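Heavy atoms only: backbone and side chains are in, while hydrogens, waters and symmetry mates are out. Everything quoted here is computed from the prediction, not taken from an experiment.
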Amino acid sequence: MLFRTIASVSRTLSQAMAPAAVLILAIVIYTGFALPVPNMRGWARWMNYLDPVAYGFESLMINEFAGRVFACVPEQFVPTGPGYTDVSPSQRVCSAVGAVAGSSVVEGTAYIESAYQYYPSHKWRNFGILWVFLVGLCAVYLIATEYVTAKKSKGEVLLFRRGHAALKKKSSNDEEAGSHALVALEKGATDASAILTKQTAIFHWEDVCYDIKIKGEGRRILDHVDGWVKPGTLTALMGVSGAGKTTLLDVLATRTTMGVITGGMFVDGRDRDASFQRKTGYVQQQDLHLSTSTVREALNFSAILRQPAKVPRKEKLEYVNEVIKLLDMQEYADAIVGVPGEGLNVEQRKRLTIGVELAAKPELLLFLDEPTSGLDSQTSWAICDLMEKLTKNGQAVLCTVRSTTPYKWM
């Protein structure tokens, strides 16, 4: 009920996490186990009084130790040793807390009273205090859920840097002016589509096997897999969850870090060289981007760092502008990535993820790991149209698609 109450009086998850983390730390320290009551500082003793777990812990300790007797082994008596063999039992005492001189046993009640200041008379009192905590916190919880409302969703709102605004399409009543604008727009789209370098290399793989060890036993994840991808085509690896689609994609993209890979993977009939990974782009399933950067900054960062150093910086930035046109991101090119709800939506984030890889100017192939997972039908259709647009301009695309029922990829 304590943490339910914290959640009910908070309007967002971040507001609830901060006090919950502090309370967990206080509860653990001032329960009485990690820091016994006699060792608590006077100025912080009040935390123990307000800790409901402390009352339950005290009752459990009383229930466990009160009324029991624990025998002391000879090594625990003091004084002890070769020179104290003739000492009478009344002159020796057990070294355990709560021991009485001359006694060979320690009473559990005396032990918890001396070590923890726990008294048997508090056993049922603490039980009643726990019920008071339960009822009080429940009452606060019910009142808070009635009057404290959650933070209202703002919907999907694009955020722009200061001094930047969204580009809006201009409207004109003049049909002739509209036709000229349409021709210019189509020309711009054609120019943007022409930025992709026509690829001619064919990538194929034969008898690819992937073996790993799980709990000391060998497991074969991929068993003699063959396939090929040629420029201007979209090849989809389809299957249900756990079929090995992502594993095959990682093996082909040389992104695996464990296991044994056998078989042949060739580019134009020749074995892949060390530069294969640099010549390909890999679009992960998760859209991981820096929330404080803009779309253009993310693309510029990828292009400047991943394109060859011999390419001039100005040419890299111009290439980014063409990628933005190709992916139809002109309207939100200067928008902040942000978080879902206050930033790019799901489709825009996926386009940005693809754009980050295109900005690196892959020469051979573009890998996409389940680009439609988690998207609705309309957004998935838009991403598929984008992939088709890339293939029509000579880009070789190899992607994975999760399917629950057999269907034909169109």
task = For Ile6 and Val9, work out which heavy atoms get closest and say how close.
result = O-CG2, 3.3 Å
ask   = Within a strict 4.5 Å, meaning less than it, do heavy atoms of the Leu290 and Val337 side chains meet?
value = no
N/O donor-acceptor pair under 3.5 Å between Lys245 side chain and Thr400 backbone = no
query = Do Arg313 and Leu317 touch side chain to side chain, with heavy atoms closer than 4.5 Å?
reply = yes
remark   = Correct closest heavy-atom pair for Ser293 and Ala298 would be OG-CB, 4.3 Å
NE2 on His122 to OG on Ser59, rounded to 0.5 Å = 10.0 Å
remark   = Of all heavy-atom pairs linking Val28 and Ala34, the shortest is O-CB, 4.1 Å
message = Can a side-chain donor-acceptor contact be found between Thr353 and His289 if the only test is distance below 3.5 angstrom?
response = yes
request  = State, with a plain yes or no, whether a side-chain heavy atom of Thr262 is found less than 4.5 Å away from one of Val260.
outcome  = yes
task = Begin with the C-alpha distance, continue with both residues' side-chain angles, and end with the deciding distance and a verdict on ring-ring contact (aromatic ring centres under 6.0 Å, His included) for Phe65 and Tyr118.
result = CA-CA 10 Å; Phe65 286 92; Tyr118 292 163; 9.7 Å; no
request  = Quick one: closest heavy-atom pair of Gly355 and Val323, and the distance?
outcome  = O-CG1, 4.1 Å
query = When you measure from the side chain of Thr145 to the backbone N and O of Leu142, does any donor-acceptor pair fall under 3.5 Å?
reply = yes
inquiry  = For the backbone of Glu297 and the side chain of Thr294, can you confirm whether one donor and one acceptor N or O come within less than 3.5 Å of each other?
reply    = yes
inquiry  = Quick check on Arg125: does its CZ atom have over 12 non-hydrogen neighbours (other residues, nucleotides or ligands) under 6.0 Å away?
reply    = yes
message = When you compare the side chain of Glu370 with that of Val401, does any pair of heavy atoms fall below 4.5 Å?
response = no
request  = Answer yes when Asp211 and Arg219 have at least one side-chain N-carboxylate O distance shorter than 4.0 Å, and no when they do not.
outcome  = no
key: Within-4.5 Å side-chain heavy-atom neighbours: Asn300 and Lys316   = no
inquiry  = Between Val229 and Ile202, is the side-chain contact (heavy atoms from CB on, under 4.5 Å) condition met? List the steps.
reply    = CA-CA 6 Å; Val229 181; Ile202 298 177; over 6 Å; no
key: Atom of Thr109, atom of Pro120 and distance for their closest heavy-atom approach   = CG2-CG, 3.6 Å
key: Test: Lys361 cationic atom under 6.0 Å from Tyr319 six-membered ring centre, within 45° of axis   = yes
task = Would you indicate whether the side-chain heavy atoms of Phe367 and Arg255 approach each other to under 4.5 Å?
result = no
query = To the nearest 0.5 Å, how far apart are CZ in Arg220 and CD1 in Ile212?
reply = 12.0 Å
message = Main chain of Asp207, side chain of Asp226: is a donor-acceptor contact present, judged purely on distance under 3.5 Å?
response = yes
key: Thr233 and Thr391, any side-chain heavy atoms less than 4.5 Å apart   = no
ask   = Counting heavy atoms not belonging to Arg45, are there more than 12 under 6.0 Å from its CZ?
value = yes
task = For the pair Arg349 (side chain) and Leu344 (backbone), establish whether a donor and an acceptor sit closer than 3.5 Å, ignoring hydrogens and angles.
result = yes
ask   = Is a side-chain donor or acceptor of Thr31 paired with a backbone partner of Ala54 at a separation under 3.5 angstrom?
value = no
ask   = From Cys399 SG over to Gln285 CD, what is the distance, rounded to the nearest 0.5 angstrom?
value = 12.0 Å
message = Check whether Trp124 reaches the backbone of Ser121 with its side chain - one donor and one acceptor, N or O, closer than 3.5 Å.
response = no
request  = Report yes or no: does Gln15 contribute a side-chain atom to a donor-acceptor pair with the main-chain N or O of Arg11 at less than 3.5 Å?
outcome  = yes
Salt-bridge contact Glu217-Lys213 (side-chain N to carboxylate O under 4.0 Å) = no
query = Taking it one step at a time, do Leu366 and Val283 satisfy side-chain contact (heavy atoms from CB on, under 4.5 Å)?
reply = CA-CA 8 Å; Leu366 184 63; Val283 179; 4.2 Å; yes
key: Check: Leu248 and Tyr210 side chains under 4.5 Å, non-hydrogen atoms   = no
key: Flag if over 12 foreign heavy atoms under 6.0 Å of CD, Glu107   = no
key: Phe57 atom CZ, neighbour heavy-atom count above 12 within 6.0 Å   = yes
note = dist Ile324:CD1 -> Arg296:CZ (nearest 0.5 Å) comes out at 4.0 Å
Sidechain N-carboxylate O distance under 4.0 Å for Asp328, Lys389 = yes
ask   = Side chain of Ser302, backbone of Val356: donor and acceptor closer than 3.5 Å?
value = yes
task = Assess the side chains of Tyr282 and Asp250: does a donor N or O sit below 3.5 Å from an acceptor N or O?
result = yes
inquiry  = Pairing donors with acceptors under 3.5 angstrom, does anything connect the side chains of Asp369 and Thr246?
reply    = yes
query = Does NZ or CZ of Arg272 come closer than 6.0 Å to the centre of the six-membered ring of Phe266, within 45° of the ring's axis?
reply = no
message = Would Val37 and Tyr116 count as a side-chain contact (heavy atoms from CB on, under 4.5 Å) here? Give the steps.
response = CA-CA 6 Å; Val37 174; Tyr116 295 95; 5.8 Å; no
note = Closest non-hydrogen atoms of Leu364 and Ala201, given as atom of the first, atom of the second and distance, are CD2-CB, 3.7 Å
task = Check whether more than 12 heavy atoms from other residues, nucleotides or ligands sit under 6.0 Å from atom CZ of Phe33, and answer yes or no.
result = no
ask   = Would Val267 and Lys279 satisfy side-chain contact (heavy atoms from CB on, under 4.5 Å), going step by step from the backbone distance to the final call?
value = CA-CA 11 Å; Val267 177; Lys279 295 179 181 179; over 6 Å; no
Ile304 backbone acceptor or donor facing Gln307 side chain under 3.5 Å = no
ask   = Are the aromatic ring centres of Phe127 and Tyr55 under 6.0 angstrom apart?
value = no
key: Under-4.0 Å salt bridge between Arg306 and Glu357   = yes
inquiry  = To the nearest 0.5 Å, what is the distance between OH on Tyr30 and CE on Met47?
reply    = 5.0 Å
ask   = At what distance, to the nearest 0.5 angstrom, does OH of Tyr332 lie from CD of Gln330?
value = 8.5 Å
